[in-house]
Number of protein chains: 4
Amino acid sequence: MSVAPEKRSFVRLPREKRMRDIEKAARMVFSQHGFDAAPVNEIAAEAGISEGSIYKFYTNKRDLLHTVLRTWYLGMIDDFKAKLEGIEGTRARIHIVIWQHLKSIKESPDLCRLFYSEVRNAPDYYSTELYDMNREYTRVLMGILAKGMAEGDIRTDTSPALVRDVIFGGIEHHVTAYLMNRGDFDYEVVAQQLSRLVFCGIAADKPEPRQDLDRLIERLEQVTDRLDQKSSEGG
Amino acid sequence: MSVAPEKRSFVRLPREKRMRDIEKAARMVFSQHGFDAAPVNEIAAEAGISEGSIYKFYTNKRDLLHTVLRTWYLGMIDDFKAKLEGIEGTRARIHIVIWQHLKSIKESPDLCRLFYSEVRNAPDYYSTELYDMNREYTRVLMGILAKGMAEGDIRTDTSPALVRDVIFGGIEHHVTAYLMNRGDFDYEVVAQQLSRLVFCGIAADKPEPRQDLDRLIERLEQVTDRLDQKSSEGG
Amino acid sequence: MSVAPEKRSFVRLPREKRMRDIEKAARMVFSQHGFDAAPVNEIAAEAGISEGSIYKFYTNKRDLLHTVLRTWYLGMIDDFKAKLEGIEGTRARIHIVIWQHLKSIKESPDLCRLFYSEVRNAPDYYSTELYDMNREYTRVLMGILAKGMAEGDIRTDTSPALVRDVIFGGIEHHVTAYLMNRGDFDYEVVAQQLSRLVFCGIAADKPEPRQDLDRLIERLEQVTDRLDQKSSEGG
Amino acid sequence: MSVAPEKRSFVRLPREKRMRDIEKAARMVFSQHGFDAAPVNEIAAEAGISEGSIYKFYTNKRDLLHTVLRTWYLGMIDDFKAKLEGIEGTRARIHIVIWQHLKSIKESPDLCRLFYSEVRNAPDYYSTELYDMNREYTRVLMGILAKGMAEGDIRTDTSPALVRDVIFGGIEHHVTAYLMNRGDFDYEVVAQQLSRLVFCGIAADKPEPRQDLDRLIERLEQVTDRLDQKSSEGG
DNA sequence: GATGAATGAGGATTCATTCAT
DNA sequence: AATGAATGAATCCTCATTCAT
């Protein structure tokens, strides 16, 4: 926890390194105290820097919070896209989205709570870069849903926005207790349940032709051919 | 510039009336400013009472907020139960729950925002009377779900808690923009869509087509493998 | 000097008395430190009140300064009018104005310096109540000048505004050193000298000697020319 | 939002040139913002130099201000003396002083305001080089007055210091509005009015012997002689 | 019961100046 | 000489709550 206030003496670090130090310290202190209760001087101490220096890099305490959360969000978006790479099938992709989102929350409950309570309720949220990132984040899901509808996996009268809200809102609601340090959740299980609920809720009635089925039939045909050949050879 | 406050004359009112006046004033001022930004003196002025007197009735500014929200919640619970009276059928009952919840939000967005941003994120939420009321509120839905499962309308492997979270979380997420005075929503439409999504997601009668298919495919795969082996062995 | 921070315990005073206490304390502290360097907590201590209470009466530290100066100005205006009562004669009245102004400065150099350096240079001075009071203050002189011109004591081509500036600006310039605690001045003597200078500078009866002489010389020149011509013609 | 400063490349300039650049930049920035509100980094940027480098040349932000004002003052003193060159007559010389001072103010209101509000009110003004320059500046007028008294143009019971204060204080007071960007003034007109007021206020009653009069009388004597001659001739 | 004067903690922020590189 | 990262002091103000009257 907060480092003793030793005499810090003019240590010159490259800008990048310093900013990372500060951000790291801020992440720690904000996580611990929340935004309002987080004293800037504690962040400074934790970063091994003077209080004033923070304002050389960040205009605001709030700017600092947003930076911390942006970095986090960036990582989440990357993870998201990486995980989705090569995954086929609407259902599987939806499952990944849910699973990954739950996993992110599980891993960073403090940042998550910070985002929910400090950023998203703020009146200026919509003019925030974090809002844009959130849109990019959810856009991944929206794309999946659109494709799913185009391909006939999802009923065309489905409202993608509502599905998005059900997923992210449902998750948020479900993890509330965990975020408040009450209770826990198993993201494997929850992801399974939730993706099933959602997919069943929006799935089109007739199943689409499946590639694995095609392949299987092909193999069966080949086997049958061979058996046919054998029986005629042996005959 | 050093403005003297107006004089108010002593008027003695019955305790009940006073409390209702204060609560009404508080509801107004909180709705307008939010909790933190709401000055107690404005509430006092609005209620026609002195600042200090408020503390004769309410221990806290926050107590006042909670009282306001409790009154609101009480009404919501009543409406809920009244609406549900005589409604039969799991799906219909779920629809009512959703519809009613959306309607309440539509009608009192300010109180709703207050609840979301001030009460539910507070660390002491779980020891709050509002938490209990919220449980009672959601218990209505939980009862419906339990009955639905017992009667075979809902798959028995459904997690009622998750359904609850999907419903209330999904709604909350969906109305966020409206609560922030950005955009609007039509609760008839949304209720329709959401209840369908949820009910389809958990309904018992319609088996998940894909998972059955998966099992069939699996069995076919095994048969094919065996055939395959046999056909090549025999060569 | 600043009273020791004893335990102050809820002493309830009438609003008027409190405000006077604070104002008195502020006057003292501002005089000692100037505006910027005056700590509000010292004012509070001096007034025997808590820091926060000051803001119940005055919106600002600056509001407090202005109040102090307004009170001072009010007294000055009263003194002014009282002194002028029954004084006849333009010159005598001008003398009073000068004398009284010098006297006020002599008696309250600190407030005077405060006014010069903090109020009058501020960009919002012209929307200030102190500006209005200053106008009322100088209007007394303007009235004297107008009457003087109407009665023929003062040349009608005199600019009253310029006379006002010469008087108040001249005084201000003259007392600068005194205000900075360097040097002194005798307001009887200075008033005598200045009022004489000003009055002679604008008096109607004593024509400017030089310009008359110029005219005389011109006439003589013309006469001489004629004589000259005649005397040489006649030759 | 954590904007990285642009990189500047090392360029080595002769000391003189650098100092002039900085001074010019400072003049601009001080004029625009006033002293306190002028950020040193803006001066540095304007001068195309780093913040730290400024302190290689000037010990202080205030030193920089003083340097700017000294340069300005130097020019004013030169103008003053140049304008006065060859001007004869106390009244004419006083008029020049007033006219020139008004003109300087008109041309550099920003520097003038800076001087009035930042330098002259400072407690250390009297140990300042600018104070010395100001004395030199006013000494020109003092010399004129002394000579005027010696030559009998000015009453010998006049206080030169007071006249100086009336002139410079009167001017300062008169142009206040202009310096605050409210209103304007015509220095030709004001100079005329003020020099007349002042000179009339201090002029000696008996006009001094004038050279043109001498000449005229001489001519008259000659004419009279001639006429005398004629009349005796003709007689 | 009602008043309203009095309390007092609590913290982000600026920016001229320094000094290691 | 030039840089620019680092320093750190210094303080006004709010407003929920208390308590003497």
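We name chains A, B, ... by the order of the sequence lines, and we start the count at 1 in each one.
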Side-chain N or O of C:Y55 closer than 4.0 Å to phosphate OP1/OP2 of F:dT14: no
- prompt: Sub-3.5 Å donor-acceptor pair from the side chain of C:Y73 to the main-chain atoms of C:Y131, do we have one?
  reply: no
task: Whole angstrom is fine here: how far is it from CG in C:L13 over to C1' in E:dT3?
output: 16 Å
message: When you measure from the side-chain N and O atoms of A:R15 to the phosphate of F:dA5, is any distance below 4.0 Å, counting only OP1 and OP2?
response: yes
statement: When rounded to whole Å, the CG to C1' distance for the pair B:D36 and F:dT17 reads 16 Å
- prompt: Looking at A:W72 and A:C112, what are the two nearest heavy atoms and their distance?
  reply: CH2-CA, 3.7 Å
task: Return the 5'-most residue of the pair B:K56, C:G52 with respect to DNA chain F, ranking by each residue's nearest nucleotide.
output: C:G52
field: Between F:dA16 (P) and B:I43 (CD1): distance, integer Å
entry: 8 Å
- prompt: Tell me: CD of A:E51 to C1' of F:dA10, nearest whole Å?
  reply: 11 Å
task: Starting at atom NE2 of D:H33, determine the distance to atom P of E:dT14, rounded to an integer number of angstrom.
output: 15 Å
- request: Would you confirm whether C:T128, through its side chain, and C:D124, through its main-chain N or O, come within 3.5 Å as a donor-acceptor pair?
  value: yes
query: Within the distance-only criterion (no hydrogens, no angle test), does the side chain of D:K24 pair as donor or acceptor with the backbone N or O of D:E46 below 3.5 angstrom?
result: no
query: Base, sugar-phosphate, or nothing for C:I54, non-hydrogen atoms under 4.0 angstrom?
result: nothing
query: About how many Å separate CD of C:E23 and CG of C:L65, when rounded to the nearest 0.5 Å?
result: 10.5 Å
- prompt: Pick from A:L64, A:T67, A:I22: which one makes a side chain to side chain contact (heavy atoms under 4.5 Å, CB included) with A:F57?
  reply: A:I22
query: A:E118: what forms a salt bridge (Lys or Arg N to Asp or Glu O under 4.0 Å) with it, not counting sequence neighbours?
result: A:R62
- request: To the nearest Å, give me how far apart CD1 (C:I49) and P (F:dA20) are.
  value: 16 Å
- prompt: Once you round it to whole Å, what is the distance between P of E:dA6 and NZ of C:K17?
  reply: 11 Å
- request: Assign C:A37 to base, sugar-phosphate, or nothing according to its heavy-atom contacts below 4.0 angstrom with the strands shown.
  value: nothing
task: Write down the partner of F:dT21 under the Watson-Crick or G-U wobble criteria, each distance required to be under 3.5 Å.
output: E:dA2
message: Expected output is a numbered-order residue list: members of residues 58-72 of chain B with a heavy atom under 4.0 Å from any atom of DNA chain F. What is it?
response: B:N60, B:K61
message: On the nucleotide E:dA5, are OP1 or OP2 found under 4.0 Å from the side-chain N or O atoms that C:R18 carries?
response: no
- prompt: Less than 4.0 Å between a side-chain N and a carboxylate O, is that true for C:D110 and C:R113?
  reply: yes
message: Checking base pairs now: Watson-Crick or wobble, both atom distances under 3.5 Å. What partners E:dG8?
response: F:dC15
- prompt: Heavy atoms under 4.0 Å, any strand shown: does D:F57 hit a base, just sugar-phosphate, or nothing?
  reply: sugar-phosphate
message: Using OP1 and OP2 only, check whether a side-chain N or O of A:S50 sits under 4.0 Å from F:dG8.
response: no
statement: DNA chain E nearest-nucleotide lookup for D:A38 and A:P39: closer to the 5′ end is A:P39
- request: Please report, rounded to the nearest Å, how far the C1' atom of E:dT7 is from the CG atom of C:N41.
  value: 15 Å
- prompt: For C:S53 and E:dT7, is the shortest distance between a side-chain N/O and OP1 or OP2 below 4.0 Å?
  reply: yes
